[in-house]
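What follows is a set of notes on a single structure, which appears directly below.
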Number of protein chains: 2
Amino acid sequence: MINLVKLKDIAEELKLSVSTVSRVVNNQDRVNPATRKKVQEALQRHHYLPDENARRLKTNTSNVLGIIVPDISNPFYARVIKGIEHGVMERRYSLLLCNTDEDIVQEENAINLLMRQKVAGIIVATSARQQLINALYGKTGCPVVFFDNVPQSSQPVYSVTINNAKATRDLVRYMCEKGHERIYMITGPQGESSADERLAGWRQALTGQGIIPEDTWYRFGDFREASGYRIMTEFLRQAKPPTAVCLANNFMAYGAIKAIEAAGLTVPDDLSIAAFDAADETGLMRLSITTVVQPAEEIGLVSADLCLHAAQQRSSTKCQKVILDHILLHNETVACPPESR
Amino acid sequence: MINLVKLKDIAEELKLSVSTVSRVVNNQDRVNPATRKKVQEALQRHHYLPDENARRLKTNTSNVLGIIVPDISNPFYARVIKGIEHGVMERRYSLLLCNTDEDIVQEENAINLLMRQKVAGIIVATSARQQLINALYGKTGCPVVFFDNVPQSSQPVYSVTINNAKATRDLVRYMCEKGHERIYMITGPQGESSADERLAGWRQALTGQGIIPEDTWYRFGDFREASGYRIMTEFLRQAKPPTAVCLANNFMAYGAIKAIEAAGLTVPDDLSIAAFDAADETGLMRLSITTVVQPAEEIGLVSADLCLHAAQQRSSTKCQKVILDHILLHNETVACPPESR
DNA sequence: TTGTATGCGTTATCAA
DNA sequence: TTGATAACGCATACAA
């Protein structure tokens, strides 16, 4: 690393003290306009950039936010990160990014890494189950904003989500309106709030319609395509298979559709499908999936706001759970059930 | 930010000096095995984590890499970043991520931000045109690894790419084999190496087949869907429209296909299409596009290796241009031209 | 309005 | 084998 110009260099050149130059850099008053101008000009000329490490060490505050996500190549997380970027950019914060591959050990490493860097705050889509979350994030010493998988306890934490239960209820009711009764559900891992809440919403909607779902009507997947395929295949083997299935994310929906077609059936003629986050980005999908769209960039933006706000006020008192609106796209993968035609 | 435990605290508790504790933390020798054990146990018990800022300030080296990309929500960049993550993880480096929205001002800000943080190196898909690249990255004071858009000068720089010209030649030759002659090209912005090289490869392949492309046969897009749509529409209005078109990326291909269909034509019956990075991730596309697949994660992995290696040896002498293999997927969007049937 | 002095947490040099 | 001390670059309380 090349030795860059520092306050001392500027001070010596102008025969001033380091403190005066520092004051100009930080736009403080109590500096003679003339000297200020002279200093600014010299700073410009030398392309002075303050050393953030030294500054941080001195002030014990940093302008870096830590981001922890399971999989940065998942478009949903990528868009959230983009939203965070936009949220912090004007305030000149940087983003320290950690990918965990949904591995809890990697997540713990990431937390340590961020703590060592003394980040001002952490925004995280944790892969930890409920019981673990507190143990992991309780002692970070900085504000933590959760999204996607959030602590469900009544404890005060910052979180940004959609109303997952309501979104699923909307989805299921829509299927009911189309005449479906045997509506099954493939959700995510048990203990992840988004998975749990979506399952709860599914159950609420069904019972609300006077339908009592049996235990064979739902399964926990892992948000990956293979689990969608596998579980859907099992559903189809049941004595009385479903006429419609809800899926907790896009990848599992892709797997499920392939399983249905592998069984010689057609979506939505033989079986209806709806899923979370399965909007067609390309406009070239064979099937445009009926889907709940989460406002990913907004989730990032709001998380960033929350995190910066919490970081800037010393007291970590007023925690907030923000709930954003989702969109329900009524596309072509939900039709009336076969028997009703 | 909560006050974490520091070397001094441990030292006081054990009635040792800070230096001894520091030596244990850094696994240096010249420390009594007994005391070492005692110290290690205390470090564990207090969950000691070194302050990377102080360390960096003192040693003038950092374990942070800066990443600059135009758009993190583009799956290609997201996958490259994932590769970088995997490449640096075991060496306990962190990633400082900057999104530029292809805006050169934001890119300059990002560079400054990274320099202030004293990153050990930078991995970048720059949005700068050739002439600008040196001005922007010449004075970073740390190794810079380019991918995607790389300096084409003969100057020694680190870069990781595929052979874009060859990949396009492969694509065009394949179209020629199918009987096409009027093969057009929509490339990226002039001055971006990937765009320029793909255009060059297209030209080489055609002339190699004895076909002399006219100036109306190619256009510079901006890698966005709208430009693919617009330019394709213009191509179709020409007196003698193309029978096949090459596109420099996925988004422009999506736009082009929509333009073709909007004109009442069919891919590939009326017009053949091939593109870069347009592999079907979902397995549910209407059309599986004939495409050049870049090894995105490998690009990230190799970039990380190069960058770390360069950062760890003081001398920035031996620069390298790494060229990785691409894959050509022969899918269904290239057929024989209509007149030959 | 400007300068001097101190310390942030760590590493490194030198002495004990 | 251990400890005292200085320094990294900067911000700031206090003195001038």
Side-chain angles (χ1 to χ4, degrees), chain A residues 1-40 42-43 46-64 92 112 115-120 141, chain B residues 1-40 42-43 46-64 92 112 115-120 141:
Chain A
M1 259 183 299
I2 280 176
N3 251 0
L4 294 186
V5 52
K6 42 202 169 187
L7 286 187
K8 200 175 149 210
D9 301 327
I10 308 278
E12 280 173 359
E13 175 176 313
L14 300 180
K15 302 207 188 311
L16 285 168
S17 75
V18 178
S19 26
T20 304
V21 182
S22 169
R23 275 190 282 261
V24 174
V25 170
N26 293 351
N27 272 317
Q28 306 198 18
D29 45 8
R30 296 174 176 266
V31 164
N32 186 307
T35 47
R36 181 187 298 275
K37 186 155 192 193
K38 213 169 51 179
V39 172
Q40 279 170 337
L43 291 171
H46 287 86
H47 301 105
Y48 172 76
L49 293 173
D51 183 325
E52 290 294 339
N53 300 301
R55 181 173 272 183
R56 215 168 294 167
L57 186 58
K58 181 67 191 159
T59 62
N60 200 31
T61 66
S62 95
N63 51 175
V64 177
R92 324 225 88 209
N112 286 342
M115 288 177 68
R116 294 163 70 129
Q117 311 281 355
K118 294 276 187 305
V119 293
Chain B
M1 260 183 300
I2 281 175
N3 251 1
L4 294 186
V5 54
K6 42 204 167 186
L7 285 187
K8 200 175 150 210
D9 302 327
I10 308 277
E12 280 173 359
E13 174 176 314
L14 299 181
K15 303 208 187 310
L16 284 169
S17 74
V18 177
S19 357
T20 303
V21 182
S22 169
R23 275 190 283 260
V24 173
V25 170
N26 293 354
N27 271 318
Q28 303 197 19
D29 45 6
R30 295 174 178 267
V31 54
N32 186 307
T35 48
R36 180 187 298 273
K37 186 154 191 191
K38 214 169 50 178
V39 172
Q40 279 170 336
L43 291 172
H46 287 86
H47 301 106
Y48 171 76
L49 293 173
D51 183 325
E52 290 294 340
N53 300 301
R55 182 174 269 181
R56 217 168 298 170
L57 183 60
K58 183 65 192 165
T59 62
N60 202 30
T61 65
S62 94
N63 51 173
V64 176
R92 323 225 88 207
N112 286 342
M115 289 177 67
R116 294 163 71 128
Q117 312 280 357
K118 293 276 185 308
V119 293

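Just so we're on the same page: letters track the sequence lines, and every chain starts at 1.
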Leu57(B) or Asp29(B), whichever maps to the more 5' nucleotide of DNA chain D: Asp29(B)
Minimum heavy-atom distance between Tyr48(A) and Val5(A), given as atom pair plus value: CD1-O, 3.5 Å
Over all atoms of both residues, closest heavy-atom pair of Gln117(A) and Val64(B): NE2-CG2, 3.9 Å
Over all atoms of both residues, closest heavy-atom pair of Asn63(A) and Arg92(A): OD1-O, 3.7 Å
Sub-4.0 Å heavy-atom contacts from residues 15-24 of chain B onto DNA chain D, ordered by number: Lys15(B), Leu16(B), Ser17(B), Ser19(B), Thr20(B), Arg23(B)
With sequence neighbours excluded, residues passing salt bridge (Lys or Arg N to Asp or Glu O under 4.0 Å) with Arg23(A): none
Short side-chain N/O contact from Gln28(B) to OP1 or OP2 of dA12(C), under 4.0 Å: yes
Side-chain N,O (Tyr48(A)) to OP1/OP2 (dC10(D)) below 4.0 Å: yes
Asn26(B): partners by side-chain contact (heavy atoms from CB on, under 4.5 Å), with sequence neighbours left out: Ser22(B), Gln28(B), Arg55(B)
Asn26(B) vs dT11(C): side-chain N/O to OP1/OP2 distance below 4.0 Å: yes
Donor-acceptor pair present, Lys8(B) side chain and dG9(C) base, under 3.5 Å: no
For the student: nearest non-hydrogen atoms of Asn53(A) and Asn53(B), plus distance: OD1-OD1, 3.3 Å
Arg55(B) vs dT11(C): side-chain N/O to OP1/OP2 distance below 4.0 Å: yes
